[in-house]
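The structure under discussion appears below in the form of structure tokens.
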Amino acid sequence: TVTVTISSDSTYTVGINFSATLKVVNDPSSTNARIRYIKPDGNDANDGLAPPTAYATLKKALSALGSEGGTVYVLPGEYVDTAATKSAVTADDADGLWYSYYQILAPVTIIGAGAVPEDVVFKWATCTSPTGVSPRIFYINNPSAKLKNLTVRGSRAGVPNGPKRREECGGSNVFIDTLGGTLEDCLIDNGSQQTWAVGGGNIQMYGGRVIRCRIVNGIQGASHLRYSPDSGNNLGSGIYMKGGIVENSLLTGNGTDMNSACTVLMRGDSKLLNCTIAGNGGYQCAGVAVQSANCAVRNCAIFNNTCAS
């Protein structure tokens with residue numbers, strides 16, 4: 001018996017007169033080595049290379065893939081984290097500090113392995129480490145990063161008491177920063193921005209793309225602030241955009257507390273394409289507010305949005 005150890009991108013020929021046993025080494029450069037699985041009843045002591053040996057947490061999968069990135073398949077179930085990470089804001093407010101449960105800084109694609117987005121849910125819970133903060137769920141800042149076919153739900157984002165409480169508070173469920181990233185075929189729901197701020201209840205975008213998503217039931221929890229085109233107190237209960245593209249998406253049920261501001265607040269060169277914005281509420285603006293000549297709203301259906309004032 002001849003035992004031959006092979007690695008990827010190599011060719012070995014075994015003579016026909018031999019009975020050969022081939023052993024494949026897990027080459028870090030191979031495609032399979034860039035895939036990890038997680039499931040609710042997994043174990044972070046596993047290798048994460050297949051569903052039966054899946055990890056339990058997304059953080060473990062991201063750590064295993066490292067800066068080279070890869071793909072994480074998330075098996076159906078609910079995922080909750082209570083330990084957050086602090087980062088400096090990279091746009092507009094460099095002195096601000098805020099927290100998130102998952103930071104996606106590498107070219108990682110995170111795919112819900114269910115039939116529909118509701119089968120895989122990343123859900124917000126009260127933070128236990130550190131205490132006294134209210135993190136967002138996802139922070140994304142890589143143009144090749146993607147969340148696909150999953151739900152991000154229920155974040156209550158805020159920041160510690162301090163001199164700056166503006167844009168770093170926003171995007172309670174998902175914040176896509178200037179380098180970008182993509183949300184595709186996702187459900188983003190029940191996000192609430194808790195502190196007074198400029199920002200979005202469900203999503204905040206400085207770049208990237210949101211494609212075929214449902215953004216629903218977001219609110220801006222700072223009820224003492226209203227939409228004002230001439231002040232800095234501008235809030236998007238569904239999405240706050242300073243860049244990026246939202247396309248072929250549905251926004252509904254946002255701002256129905258009637259204290260939030262508009263459903264979509266647009267600045268910079270942001271674009272809203274082929275979207276439906278319907279059944280939302282707000283105090284002075286319940287639909288879309290455009291605050292830059294460089295923004296674009298094209299082929300969108302905007303109807304049945306209700307203002308309280």
Side-chain angles (χ1 to χ4, degrees), residues 3-10 21-87 98-142 144-155 173-175 181 183-184 186-187:
T3 300
V4 181
T5 301
I6 66 173
S7 59
S8 65
D9 301 321
S10 300
T21 300
L22 303 181
K23 178 181 179 182
V24 179
V25 173
N26 182 22
D27 185 342
S29 66
S30 70
T31 301
N32 288 341
R34 308 255 42 97
I35 295 175
R36 293 294 187 274
Y37 295 83
I38 68 172
K39 60 182 179 179
D41 60 346
N43 190 322
D44 281 353
N46 291 337
D47 61 21
L49 295 174
T53 58
Y55 297 136
T57 67
L58 179 58
K59 285 179 178 175
K60 175 63 178 179
L62 295 174
S63 175
L65 292 173
S67 61
E68 293 185 22
T71 301
V72 180
Y73 288 100
V74 186
L75 300 185
E78 189 173 279
Y79 297 83
V80 177
D81 204 307
T82 59
T85 303
K86 181 174 68 174
S87 296
W98 42 267
Y99 294 80
S100 58
Y101 284 133
Y102 306 107
Q103 296 196 51
I104 314 300
L105 306 179
V108 176
T109 297
I110 301 168
I111 301 175
V116 294
E118 290 87 342
D119 289 341
V120 173
V121 179
F122 286 91
K123 186 176 180 181
W124 188 87
T126 301
C127 188
T128 60
S129 177
T131 58
V133 301
S134 295
R136 66 176 50 85
I137 299 178
F138 281 97
Y139 169 77
I140 303 172
N141 199 28
N142 187 293
S144 298
K146 180 185 289 188
L147 304 184
K148 182 177 176 63
N149 193 42
L150 52 80
T151 295
V152 186
R153 174 169 294 159
S155 182
N173 275 325
V174 181
F175 187 114
L183 305 181
E184 185 174 304
C186 289
L187 171 61

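Quick caveat: nothing in here was measured; it's all calculated off a predicted structure. Note that these values count all heavy atoms, side chains included, but never hydrogens, waters or copies made by symmetry.
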N/O donor-acceptor pair under 3.5 Å between [X] side chain and [Y] backbone:
X: Lys60; Y: Asn46; value: no
X: Asn142; Y: Gly181; value: no
X: Thr128; Y: Thr82; value: yes
X: Thr151; Y: Pro117; value: yes
X: Asp44; Y: Tyr55; value: no
X: Asn173; Y: Ser155; value: yes
X: Arg34; Y: Gly69; value: yes

message = Name the residue from Thr109, Leu183, Val108 that meets the side chain to side chain contact (heavy atoms under 4.5 Å, CB included) definition with Leu147.
response = Leu183

ask   = Checking side chain to side chain contact (heavy atoms under 4.5 Å, CB included) against Leu62, which of Leu105, Ile104, Thr57 comes through?
value = Ile104

[atom1]/[X] to [atom2]/[Y] distance, rounded to the nearest 0.5 angstrom?
X: Asp81; Y: Lys123; atom1: CG; atom2: NZ; answer: 14.5 Å
X: Lys59; Y: Ile38; atom1: NZ; atom2: CD1; answer: 12.0 Å
X: Asp41; Y: Leu75; atom1: CG; atom2: CG; answer: 8.5 Å
X: Thr71; Y: Tyr37; atom1: OG1; atom2: OH; answer: 9.0 Å
X: Leu187; Y: Asn149; atom1: CG; atom2: CG; answer: 10.5 Å
X: Asn43; Y: Thr53; atom1: CG; atom2: OG1; answer: 10.5 Å

Heavy-atom closest pair, residues [X] and [Y]:
X: Pro130; Y: Ala84; result: CD-O, 4.0 Å
X: Ala125; Y: Val80; result: CB-CG1, 3.3 Å
X: Ser144; Y: Pro107; result: CB-CB, 3.7 Å
X: Ile35; Y: Leu65; result: N-CD2, 4.2 Å

Student check: side-chain heavy atoms of Tyr73 and Pro51 closer than 4.5 Å = no

Contact check, side chains of Leu58 and Val72, non-hydrogen atoms, under 4.5 Å = yes

task = Assign the ring pair Tyr139 / Phe175 to parallel, tilted or perpendicular, where the plane angle (0 to 90°) is split at 30° and 60°.
result = tilted

inquiry  = Apply side-chain contact (heavy atoms from CB on, under 4.5 Å) to residues Val174 and Ile137 and explain how you reach the verdict.
reply    = CA-CA 6 Å; Val174 181; Ile137 299 178; over 6 Å; no

task = Let me see the working for Arg36 and Leu49 under side-chain contact (heavy atoms from CB on, under 4.5 Å), right down to the final yes or no.
result = CA-CA 5 Å; Arg36 293 294 187 274; Leu49 295 174; 3.2 Å; yes

inquiry  = Tyr102 and ring pair (Phe, Tyr, Trp, His ring centres under 6.0 Å): which single residue from Phe138, Tyr79, Trp124 fits?
reply    = Phe138

task = Quick one: do Glu78 and Val120 satisfy side-chain contact (heavy atoms from CB on, under 4.5 Å)? Show the steps, please.
result = CA-CA 6 Å; Glu78 189 173 279; Val120 173; over 6 Å; no

